[in-house]
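Naming: A, B, ... by sequence-line order, numbering from 1 per chain.
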Amino acid sequence: MLDKKYDFKEKEVKWLKYWEDNKIYEFNSNNKKIYSIDTPPPTVSGKIHLGHIFSYSQAEMIARYKRLSGYNVFYPFGFDDNGLPSERLVEKIKGKKAHEIGREEFNKLCYEITSEYEEEFKKLFSRLGVSTDWNLVYKTVSLEAIKISQLSFLDLVAKKACYHKESPALWCSECLTTFAQAELETKTVETTFNYITFETKEDKEKFTIATTRCELLPAIVCVFVNPKDEKHKHLIGKRAHIPIIDIDVPIMADDKVAIDKGTGVVMCCTFGDQTDIEWWNKYNLPLKYIFTPDGKINDSVPKYKGLTIKEAREKILEDLSNGGYVVKTESIEHEVQVHERCGKEVEYTIMKQWFIDIMNHKEDFLKMGAKIKWYPKYMKVRYNEWVENVAWDWCISRQRYFGVPFPVWYCNKCGKIIYASKEELPINPLVDKPRISSCPNCGCKEFTGEKDVMDTWATSSVTPLINMRYQEKDNYEDILNPMSLRANAYDIIRTWDFYTIVKSYYHFNNIPWENIMISGFAVVGKNEKISKSKGNSKNDPINIIDTYSADATRYWAASGKLGTDIIFNEEGLLRGKKLINKIWNVSKFIEMHLTDFNDKEFNDFEYLDKWIIGSFIKMEKEFIKNLDNYETGLALNTLEKFFWHFCDNYIEIVKHRLYRPEEFGDIPRYSGQKTVYMLLYKFLQNFSIFLPYICEEIYQELYHDQKSIHITELKELKYDFEEEVVNGDIICEIISKVRGEKSDNNLSLKTVVSLLDITCSDNINKAIKNAIKDFKATLFIDKLKLNNSLKSYTINKIELLKEDNK
RNA sequence: GGGCGAUUAGCUCAGUUGGCUAGAGCACCUGCCUUACAAGCAGGGGGUCGUAGGUUCGAGUCCUACAUCGCCCACCA
């Protein structure tokens, strides 16, 4: 028997262990059709927050749905523990920078610390009821993943899609590494816009340049004006004298200069921004670095040497001001580009680095994107926009420690690149030696391993390859190429999704997955993203699960429309709790009436049983449709709404028959038993997608025809009760109106209706007569008068037997 | 500056290809201890669907413009 109260604390722990012990979610290559899900390996770089729960739950529910639909679900889980996010975590914990700790020691710490966090993540996700096969778990720092990532690199090199080149790149003076365009973010900052007087060397003619970046004055290599600028075009060809710095640079013409922006005169440095790089390339301008890698003025400017960018900006402005060169200063707010990992303003540098070709294949990437089905559809626009706007090849070199090493060495004499062979992988070029003893080019016997490591996305972008155990060349490759589904939030469309498509294109000339579902974010208050930094204990996922149950937490997480942010509030959890309670109570009721029930073929259903069965079938069609569109929230809404209707209306009707067979007969009672038995099973199956724990508990008690409800099969009920659905709804409506009358008179629902007088159409008349016993019992009707009419129906009179009438 | 999304009850949100008096939960009000459930049940009040036009027999839904909010991108001298 089901307990009087459902104790989620005890039951959730119990079933979690049961699922693990019985390997319920194990993926095994049987004959069933495979449905494979490429789910984001969470970055193991901090506390878990509600945002994780939200976006992972929705994809997890799809896994459950597909499993119930008869698919062999391939649903592995991964941890993304390599790269800058982990390094920053370790730096934060240790209070030291990576280079202060040293490469070897630092990497060791990274392994240790990320492993601890992994355990925490695993525990939480299991507890949440994530139905992954933990045997398929992968880590992006594992030797296996490193091998696949290196294989991917070599394959791209072989296909000439990856190259090594000295080229300008984005530089972070905080993380001390180059990074990719996708890792740029914009931030609004307050700064000053300064109008500074320059003069020509030749005739001392004064002109003004406006800039926010005074510290770049020593890096000026050229001044540009627009050739069509009447006010300034006569300056072209002369030389500009830079105040304070006391050097001259040429004044040149370029169309890109906007006449009406600033003063119409622009200084060009190496490098202030992307336009500088463009001009540097176009006009073959000299290179003038004034910063050290960590963002301080270098030896080339002795006067300001050692100052940080910010300090130099202030000092130079002060000097300019003292020299009388500042015409005016405006305070402005403007958007600057920052490194997303640390928030530091971007700098530019030139280094020899590895790039993946993006710019030559944009069209192909757009075509790939078009072949994938996006849910919701409009998210494809974000992808397209990103691909259309991307301006740099993908720089995958990072001057860091904790990442996948490039499998290459360089000849010490001629610089020739020596690639590892596929068979040698995985390798670490700083430890392992190349298999050849001398350089085929120059014969030199000394080699240096590549010190840079790969961008974290260079590995994350091969999760489909990791999933298919790429290097083993077994049949996973055929089965999982492409995978069925990618699931992630919209923030990583331009990174994870885009880069995965890039890799898949180069490796297989194929899309990596057939479908992609994009979820939104969980936000705390009004558009305030849930972040680990703000994580107070109230929003701590473990606390929430302990307080409200994993099922209720999932209920909250399932809500909302795909791609849309949802606000975290207690209301969703309470609503989930209420639903769980209702499911429990109705199951208890049903169990109570099934003690003598044997399931057998039966077709002699009572009228209103047909009504509810038919209604269920109708509802389930919509439910399935929503799930097929990956709309877990809408599916749950559909199901839940019908479930309450079932409890409040149908159960109230059928209970009389169940309680009193002597009055209603054994067969009508059996019909009711069969109906609730059948429908509860279906309800539990459908709800199990969202509420796996409570559904398992009830299923095991009442049905247990399989080891677990989660491996049963969703089968459509095959009945044709359309007519009963239409007329049953009308009967339900009449019941509701009579109840309303009782309520309006402040009477109990058990109040006897001494007379109910209805005029109704032939159809309704027949329907009521078919359901006459249920109808009268439900409303406690003493006398019923039915008159025929052509119209639908009219209630002529409801006579209630009040206390004082007795 | 370009794009995408949102704007519906006090709050959080549904409303599928345009179709009866616009829905749910929470909150509020009135009843009801009905042999599953008072964490419940039956009712009720509350919305000129962001604004202004347009198409249509008919618009929350389609079109145009605008406003506010959010996100993405570009510019950022």
When the C1' atoms of B/G40 and B/G3 are considered, how many whole Å apart are they? 50 Å
For A/E388, answer base if it contacts any base atom (sugar-phosphate contacts may also be present), sugar-phosphate if it contacts only those atoms, and nothing otherwise; contact means non-hydrogen atoms under 4.0 Å. nothing
Pick the C1' atom in B/A67 and in B/A52, then give their distance to the nearest Å. 11 Å
To the nearest Å, give me how far apart CD1 (A/I493) and P (B/C71) are. 15 Å
Of all residues at least two apart in sequence or in a different chain, which pass the side-chain contact (heavy atoms from CB on, under 4.5 Å) check with A/A370? none
What is the separation between atom NZ on A/K655 and atom C1' on B/U34, rounded to the nearest whole Å? 7 Å
Base, sugar-phosphate, or nothing: which does A/S736 touch, judged by heavy atoms less than 4.0 Å apart? sugar-phosphate
Side chain to side chain donor-acceptor pair (under 3.5 Å) against A/D254, all qualifying residues, sequence neighbours excluded: A/W279, A/K282, A/Y283
Can you figure out which of B/A42, B/C37, B/U35 approaches the side chain of A/E652 most closely? B/C37
So what does A/W644 touch, heavy atoms closer than 4.0 Å: a base, only the sugar-phosphate, or nothing? sugar-phosphate
How does RNA chain B look in dot-bracket form if you count Watson-Crick and G-U pairs under 3.5 Å, write [ ] for pairs that cross, and put | where a base pairs with another strand? (((((((..((((.....[...)))).(((((.......))))).....(((((..]....))))))))))))....
With rounding to the closest Å, how many angstrom separate the C1' atoms on B/C76 and B/U7? 31 Å
A/E662, CD: over 12 other non-hydrogen atoms inside 6.0 angstrom: yes
Rounded to whole angstroms, how far apart are CG on A/D744 and P on B/G45? 10 Å
On a whole-Å scale, what distance lies between the P atoms belonging to B/G44 and B/C26? 16 Å
Given that A/I209 and A/S748 both sit by RNA chain B, which one's nearest nucleotide is further toward the 5' end? A/S748
Do NZ/NE/NH1/NH2 and the carboxylate oxygens of A/R575 and A/E640 come within less than 4.0 Å? yes
Short N/O separations, protein against nucleotides 3-10 of chain B, under 3.5 angstrom:
{"unit_1": "B/G3", "atom_1": "O2'", "unit_2": "A/E385", "atom_2": "OE2", "d": "3.0"}

Taking for A/N389 and for A/G740 the nucleotide of RNA chain B with the nearest heavy atom, the one nearer the 5' end belongs to A/G740
Can you measure A/M267 atom CE to B/C76 atom P for me and round it to whole angstrom units? 13 Å
Would you confirm whether the ring centroid of A/Y677 sits within less than 6.0 angstrom of the ring centroid of A/F597? yes
Using the P atom on both, measure B/U61 against B/G53 and round to a whole Å. 14 Å
A/I651 near the nucleic acid: base, sugar-phosphate alone, or nothing, with a heavy-atom cut-off under 4.0 Å? base
Between B/A74 (P) and A/Q274 (CD): distance, integer Å: 8 Å
For B/A42, take OP1 and OP2 only and decide whether either is under 4.0 Å from a side-chain N or O of A/T751. no
NA contact type, A/C647, heavy-atom cut-off 4.0 Å: base, sugar-phosphate, or nothing? base
Figure out the NZ/P separation between A/K742 and B/A42, and round it to whole Å. 13 Å
Output field: ring centroids A/F365/A/Y383 closer than 6.0 Å: no
Looking at the rings of A/H656 and A/F775, which for Trp means the six-membered one, are their centres under 6.0 Å apart? no
Between B/G23 and B/G60 - C1' atom distance, rounded Å: 12 Å
Scan the side chains in residues 731-740 of chain A for donor-acceptor partners under 3.5 Å anywhere in the protein, sequence neighbours excluded, and list what turns up.
{"unit_1": "A/E733", "atom_1": "OE2", "unit_2": "A/Y793", "atom_2": "OH", "d": "2.7"}
{"unit_1": "A/K737", "atom_1": "NZ", "unit_2": "A/Y793", "atom_2": "OH", "d": "3.2"}

Backbone of A/I694 reached by a side-chain donor or acceptor of A/D551 within 3.5 Å: yes
Rounded distance in Å between the P positions of B/A6 and B/G46: 29 Å
Would A/W171 and A/F179 count as a close aromatic pair, with their ring centres under 6.0 Å? no
P gap between B/A22 and B/A9, integer Å: 14 Å
Do any N or O atoms of the protein come closer than 3.5 Å to N or O atoms of nucleotides 21-30 of chain B, and which pairs are they?
{"unit_1": "B/G25", "atom_1": "N2", "unit_2": "A/E571", "atom_2": "OE1", "d": "3.4"}
{"unit_1": "B/G25", "atom_1": "N2", "unit_2": "A/E571", "atom_2": "OE2", "d": "3.0"}
{"unit_1": "B/G25", "atom_1": "N3", "unit_2": "A/E571", "atom_2": "OE2", "d": "3.3"}
{"unit_1": "B/C26", "atom_1": "OP1", "unit_2": "A/K578", "atom_2": "NZ", "d": "2.3"}

Any residue meeting salt bridge (Lys or Arg N to Asp or Glu O under 4.0 Å) with A/E591, in chain and number order, not counting sequence neighbours: none
For A/N389, check side-chain contact (heavy atoms from CB on, under 4.5 Å) against everything at least two apart and list the hits. A/E385
Among B/A74, B/U34, B/C71, which nucleotide sits nearest the side chain of A/Y490? B/C71
For A/F193, which contact category applies under a 4.0 Å heavy-atom criterion: base, sugar-phosphate, or nothing? sugar-phosphate
Touch check for A/D648, heavy atoms < 4.0 angstrom, all strands: base, sugar-phosphate only, or nothing? sugar-phosphate
May I ask you to say what A/Q181 touches in the nucleic acid, namely base, sugar-phosphate or nothing, with a heavy-atom cut-off under 4.0 Å? sugar-phosphate
Using a heavy-atom cut-off of under 4.0 Å over every strand shown, decide if A/T186 touches base, sugar-phosphate, or nothing. nothing
Tell me which residues in residues 581-591 of chain A put a heavy atom below 4.0 Å from RNA chain B, sorted by number, or none. A/N581, A/K582, A/N585, A/V586, A/K588, A/F589
Which nucleotide in B/A74, B/C37, B/A42 has an atom nearest any side-chain atom of A/L749: B/A42
To the nearest Å, give me how far apart CG (A/D497) and P (B/C72) are. 15 Å
Can the ring centres of A/Y555 and A/Y548 be said to be less than 6.0 Å apart? no
Geometric class of the A/F643/A/F646 ring pair [parallel <30°, tilted 30-60°, perpendicular >60°]: parallel
Spacing between A/E741 atom CD and B/G31 atom C1', to the nearest angstrom: 14 Å
Which residues pass the side chain to side chain donor-acceptor pair (under 3.5 Å) test with A/E183, sequence neighbours left out? A/R398
Contacts of type side-chain contact (heavy atoms from CB on, under 4.5 Å), residue A/H241, not counting sequence neighbours: A/E199, A/D246, A/D248
Side chain to side chain donor-acceptor pair (under 3.5 Å) with A/E701: which residues, sequence neighbours excluded? none
